Amino acid sequence: MDILEKARFERIAAKDRWIRALFTERELEPISAYSPGRTSEYLAGRFSAKEAIAKVLGVGFLGRMKWRDIEVLRLSPSGKPYVLLHRFARTRANELKVGTVEVSISHQPTVVVAFAVGQRACACGQHGESRHGLAGWSRTGPSDARPAPDTSSGVPGGEPRSARSSISEVFSAT
């Protein structure tokens with residue numbers, strides 16, 4: 001979980017070079033259609049989500065983890081955020097056997113809150129990751145990797161809601 005004062009983020013993001021260091025091109029794509037206030041809110045939410053995800057992975061951004069190793073994108077038209085992990089973030093998730101990371105972002109007038117939970121990868125050995133909805137969410141590989149649409153649940157990855165992991169399989173590092 002991460003809580004961020006919007007005013008603090010606006011000071012951080014006042015310089016374009018910081019925006020380019022913190023966010024990928026795909027994360028920045030939607031802001032061209034936003035007002036300045038909405039742009040700040042959107043980016044603050046992504047920033048807070050990255051902080052919450054780093055906590056799930058048990059690492060910070062001062063070491064090998066880079067801000068752009070975590071990508072927080074959105075599904076259209078729902079706008080639901082989804083996470084792609086790259087480079088060190090993906091390696092760390094693999095070490096922890098985290099297959100997916102779910103994130104929720106909430107905006108209030110002066111703060112943004114993000115909550116992230118990592119789900120363990122399937123260890124059953126009987127099914128590939130796509131059987132359990134893990135393929136495409138956090139893959140290493142080309143930067144244009146996108147999750148496959150799921151028409152049965154509205155969630156990327158392909159598994160129907162009934163196939164989701166139980167709460168006992170949810171993993172989060174604190």
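As the structure is a computational prediction, the values presented were derived from the model and not from experiment.
K6 places no side-chain N or O within donor-acceptor distance of the main-chain N or O of T110, the cut-off being under 3.5 Å. Between the side chain of R68 and the main chain of F23, a donor-acceptor pair closer than 3.5 Å is present. In this structure, the side chain of R74 does not engage the main chain of P30 through any donor-acceptor pair within 3.5 Å. Between the side chain of K50 and the main chain of V72, no donor-acceptor pair closer than 3.5 Å is present. Remark: the backbone N or O of A44 is not paired with any side-chain donor or acceptor of S48 at under 3.5 angstrom.
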(request) Kindly indicate, with the supporting measurements, whether the criterion side-chain contact (heavy atoms from CB on, under 4.5 Å) is fulfilled by R20 and L28. (result) CA-CA 9 Å; R20 301 282 173 212; L28 295 174; 2.9 Å; yes

(request) Could you please spell out the steps behind the side-chain contact (heavy atoms from CB on, under 4.5 Å) verdict for V103 and F115? (result) CA-CA 6 Å; V103 67; F115 184 80; over 6 Å; no

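Counting heavy atoms from C-beta on, the side chains of V56 and V117 never come closer than 4.5 Å. Residues E102 and V83 have side chains not in contact (no heavy-atom distance under 4.5 Å, counting atoms from C-beta outward). Side-chain atoms of I53 and L85, non-hydrogen and from C-beta on, do get closer than 4.5 Å to each other. Counting heavy atoms from C-beta outward, V113 and Q108 have side chains that stay 4.5 Å or more apart. Within the 4.5 Å cutoff, side-chain heavy atoms of H107 are placed close to those of I105. Under the 4.5 Å side-chain criterion, counting only non-hydrogen atoms from C-beta, R64 is not in contact with R87. Residues L84 and L73 are in side-chain contact: their nearest non-hydrogen atoms beyond the backbone lie under 4.5 Å apart.
Residues W18 and I70 do not share a hydrophobic cluster, defined by chaining ILVMFWY side chains whose heavy atoms lie under 4.5 Å apart.
Nearest heavy-atom pair, V112 versus G45, reported as atom, atom and distance to 0.1 Å: CG1-CA, 3.4 Å.
Sorted by first and then second residue, the pairs that involve residues 31-78 and meet ring-ring contact (aromatic ring centres under 6.0 Å, His included), not counting sequence neighbours, are F9-F47, Y34-Y42, F47-W67, F61-W67.
Considering OG1 of T91 and NE2 of H86, their distance stands at 12.0 Å, rounded to 0.5 Å. Distance CD/E71 to CZ/R46: 11.0 Å, rounded to 0.5 Å. Here CG of L4 is found 9.5 Å from CD of E10. Values are rounded to the nearest 0.5 Å.
Scored by the side chain to side chain contact (heavy atoms under 4.5 Å, CB included) test, R92 finds L57, V59, F88, E95, L96 as partners (sequence neighbours excluded). In this structure A52 satisfies the side chain to side chain contact (heavy atoms under 4.5 Å, CB included) test together with D2, A114, A116, sequence neighbours excluded.
Counted within 6.0 Å of NZ on K66, heavy atoms from surrounding residues, nucleotides or ligands total more than 12; the atom is thus considered enclosed. Annotation for R38: atom CZ counts as buried by contact number, over 12 foreign heavy atoms lying within 6.0 Å.
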